[in-house]
J.: 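First the structure, which I've put down as structure tokens, then a few questions once you've had a look.
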Protein chains: 2
Amino acid sequence: MALCENGGLMRQSSGPAVSDSPLFRGMASAVVDEVLGAATPRTLAAGQTLFLQGDPVEALFVVESGRLKLSQVTPDGEEVIVRTVGPGDIVVGVAVLDKRTLPVSGIAISECRVLAWPRPRILELAARHPILRMNVIGTIADRMHDSLSRIRELSTETVAQRVARALLRLARDAGRPVEGGTLIDQPLGRQELAELAGTSMFTASRLLARWAREGVLEVGRQRVVVLSPARLEGLAGDDESAR
Amino acid sequence: MALCENGGLMRQSSGPAVSDSPLFRGMASAVVDEVLGAATPRTLAAGQTLFLQGDPVEALFVVESGRLKLSQVTPDGEEVIVRTVGPGDIVVGVAVLDKRTLPVSGIAISECRVLAWPRPRILELAARHPILRMNVIGTIADRMHDSLSRIRELSTETVAQRVARALLRLARDAGRPVEGGTLIDQPLGRQELAELAGTSMFTASRLLARWAREGVLEVGRQRVVVLSPARLEGLAGDDESAR
DNA sequence: CGAGAAGTTGACACGAGTCAACCTCAGTGG
DNA sequence: CCACTGAGGTTGACTCGTGTCAACTTCTCG
């Protein structure tokens with residue numbers, strides 16, 4: 001994942017990383033160029049808001065570099081992170097196709113570059129290129145699947161299982177191999193991890209401390225390295241040793 | 001909802017009730033007829049399975065009468081009801097458009113009639129009638145929105161709030177006005193309510209008993225009547241009196 | 001170096017799951 | 001028509017996981 005099988009450098013320029021996005025899967029390169037040409041690039045500083053829950057949908061986004069969190073805010077200001085997205089991910093696919101208000105807010109976790117297609121433009125492209133439409137629908141199906149799994153997990157699993165799972169997801173989506181393990185390559189505070197797993201910062205902190213003691217993780221300020229994914233998976237699944 | 005504003009009889013024959021489905025919204029009546037003509041009706045006894053989580057997608061369904069539950073089963077057999085659907089509702093829209101395996105199982109709660117469009121047939125229709133496609137995408141967007149809200153609720157709300165909310169949803173989706181309140185017009189066991197709210201049967205039972213004592217509900221075997229939706233909403237929202 | 005953000009840890013309380021015993025009703029067969 | 005049976009439901013006792021709060025430490029950055 002850090003290196004590219006074609007041997008070229010990734011995440012360097014805007015080109016290659018983004019054209020690997022699911023948005024372009026199976027698409028003729030002429031069409032890729034046309035679609036890419038229609039995009040407006042945009043950069044965000046860490047912490048900056050790309051869009052807010054409840055806003056009308058203005059554009060479809062694809063992340064070029066950096067990471068964003070998609071979160072829902074409760075009436076009393078508590079934040080629940082629904083997922084995080086990184087390079088190549090399509091953002092707010094559903095809403096764009098259906099002209100609805102946005103179900104989540106999108107906020108940069110680190111500095112980001114995103115490509116934006118204003119709604120009219122992406123709709124026009126989608127009308128002419130069915131494959132583009134299918135690709136967007138495909139990611140919607142993926143997100144739906146994820147959401148339903150998440151509902152099941154929140155209903156039936158313990159906090160320890162959910163935190164373990166959140167770490168595994170992060171390692172998969174934002175992981176970078178380092179010596180002895182996989183570094184989660186995004187600033188990851190305890191509070192954020194807690195919001196991802198649906199728990200409190202204190203419980204998240206305690207779990208990380210425990211797992212670090214047990215050698216499953218290596219933790220630091222805003223930083224987690226997964227040393228033993230296998231044992232984490234054990235903790236996420238049936239919870240023998242976790243009790 | 002029991003009577004129709006056009007004064008005609010509803011839910012009598014297969015025609016009128018189903019053609020009110022979001023699937024046909026904004027559609028020319030000739031097209032409605034064409035689409036309806038392509039459907040295969042099917043009946044299910046209570047408890048019968050329409051499809052299973054993980055199966056390949058065979059058809060798009062619209063409920064004609066009765067209710068179904070869509071649920072996920074955990075590896076160890078526990079069941080989580082994701083939602084219930086009733087007359088007019090579109091089922092497994094996402095999966096059909098994207099040829100994926102089904103994310104949930106669909107099981108009849110009461111005796112049901114459903115219309116089914118085998119995948120190739122619905123895809124062919126969708127290709128010729130963009131409005132049909134948009135209508136399916138619209139319900140997908142709705143479901144996505146619901147799922148995300150549910151994630152937020154499971155992460156931040158107490159069991160009491162979630163049970164109250166589940167009852168409100170049921171009253172809205174499956175309610176029938178009776179003297180003094182709204183009867184939830186589907187067999188609703190404590191276990192099922194618990195699965196809807198993500199809690200245990202015991203806790204659900206205790207909450208119902210308490211709210212019945214307080215005059216918010218009237219409860220019986222497999223039966224709940226909402227007497228005071230307003231107070232239930234209070235319990236679902238900020239939880240002053242519930243603590 | 002100071003200030004504040006990030007993280008840790010212990011004490012405590014309480015919500016909610018678990019289990020066992022019990023009640024109550026609907027349907028069935030004698 | 002009544003007794004039986006089993007599913008559905010209730011309730012109390014108990015336990016434990018987690019959230020809450022407070023005090024404290026440690027790191028980072030200006």
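Every chain is numbered from 1, with letters handed out A, B, ... down the list of sequences. Model, not experiment: these values are computed from the prediction.
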J.: Rounded off to whole Å, could you give me the CZ-to-C1' distance for the A:R162 and D:dT18 pair?
T.: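 Those two atoms, CZ and C1', are 10 Å apart.
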
J.: B:Q191 or A:G198: which one's nearest nucleotide on DNA chain D is closer to the 5' end?
T.: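 First, find each residue's nearest nucleotide; the 5'-ward one identifies B:Q191.
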
J.: Can you name the nearest heavy-atom pair linking A:G88 to A:P22, along with the distance?
T.: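 Nearest pair, atom of A:G88 first, then A:P22: O-CD, 3.3 Å.
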
J.: Below 4.0 angstrom, N of the basic side chain to O of the carboxylate: do A:R165 and A:E233 qualify?
T.: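 No, this pair does not count.
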
J.: With a 4.5 Å cut-off on side-chain heavy atoms, are A:W211 and A:V219 touching?
T.: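 Of all side-chain heavy-atom pairs linking A:W211 with A:V219, none is under 4.5 Å.
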
J.: If I take atom CD in residue B:Q222 and atom C1' in nucleotide D:dA7, what distance separates them, rounded to the nearest angstrom?
T.: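 That distance rounds to 9 Å.
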
J.: With a 4.0 Å cutoff (strictly under), does any side-chain N or O of B:T199 reach OP1 or OP2 of C:dA16?
T.: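 Checking C:dA16 against B:T199, no side-chain N or O comes under 4.0 Å of OP1 or OP2.
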
J.: Measure from CZ on A:R210 to P on C:dT8 and round the result to the nearest Å.
T.: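 Roughly 14 Å, once rounded to whole Å.
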
J.: Please report, rounded to the nearest Å, how far the P atom of C:dA16 is from the CD atom of A:E157.
T.: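 Spelled out: CD on A:E157 to P on C:dA16 is 19 Å.
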
J.: Would you kindly give the CZ-to-C1' distance between B:R223 and D:dG9, to the nearest whole Å?
T.: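 Interatomic distance, CZ of B:R223 to C1' of D:dG9: 15 Å.
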
J.: How long is the straight-line distance from CD of B:E214 back to CG of B:L227, given to the nearest 0.5 Å?
T.: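 Interatomic distance, B:L227 CG to B:E214 CD, rounded to 0.5 Å: 12.0 Å.
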
J.: Less than 3.5 Å apart, any donor N or O on the side chain of B:E79 or B:S71 sitting next to an acceptor on the other?
T.: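 Distance-only check passes for B:E79 and B:S71.
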
J.: Between C1' on C:dA6 and CD on A:E192, what's the gap in Å once rounded to a whole number?
T.: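 Whole-Å distance recorded here is 12 Å.
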
J.: Can you check whether A:R190 has a side-chain N or O nearer than 4.0 Å to OP1 or OP2 of C:dG7?
T.: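 Checking C:dG7 against A:R190, a side-chain N or O does come within under 4.0 Å of OP1 or OP2.
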
J.: Rounded to 10°, tell me the angle between the two end axes of the helix from C:dC1-D:dG30 to C:dG30-D:dC1, each built from five pairs.
T.: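 The end-segment axes of the helix from C:dC1-D:dG30 to C:dG30-D:dC1 are tilted 40° relative to each other.
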
J.: A:W211 CH2 to C:dT8 P: how many Å, rounded?
T.: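 Result: 14 Å.
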
J.: Do B:R190 and B:S205 get their side chains close enough for a donor-acceptor pair, meaning under 3.5 Å?
T.: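 Absent: no donor and acceptor within the cut-off.
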
J.: Salt-bridge test for B:E153 and B:R169: reply yes if a basic N is under 4.0 Å from a carboxylate O, no otherwise.
T.: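 Counted as a salt bridge, because a side-chain N and a carboxylate O are separated by less than 4.0 Å.
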
J.: Looking at B:R152 and A:E78, is there a salt bridge between them, counting it only when a charged N and a carboxylate O are closer than 4.0 Å?
T.: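 B:R152 and A:E78: not salt-bridged.
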
J.: Between atom CD in B:Q161 and atom P in C:dG15, what is the gap in whole Å?
T.: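 From B:Q161 CD to C:dG15 P: 12 Å.
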
J.: Could you tell me whether the phosphate oxygens of D:dT10, OP1 or OP2, come under 4.0 Å of any side-chain nitrogen or oxygen in B:S205?
T.: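 For D:dT10, OP1/OP2 do have a side-chain N/O of B:S205 under 4.0 Å.
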
J.: Distance alone, cut at 3.5 Å: any donor-acceptor contact between the side chains of A:R67 and A:T84?
T.: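 Indeed, the side chains of A:R67 and A:T84 share at least one donor-acceptor pair under 3.5 Å.
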
J.: Side chain of B:V159, heavy atoms from C-beta onward: which of C:dT8, D:dT11, C:dA16 has the nearest atom to it?
T.: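 From the listed options, C:dA16 comes nearest.
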
J.: When you check every protein heavy atom under 4.0 Å of nucleotides 20-30 of chain D, what one-letter string (B, S, -) results, 5' to 3'?
T.: BBB---BBS--

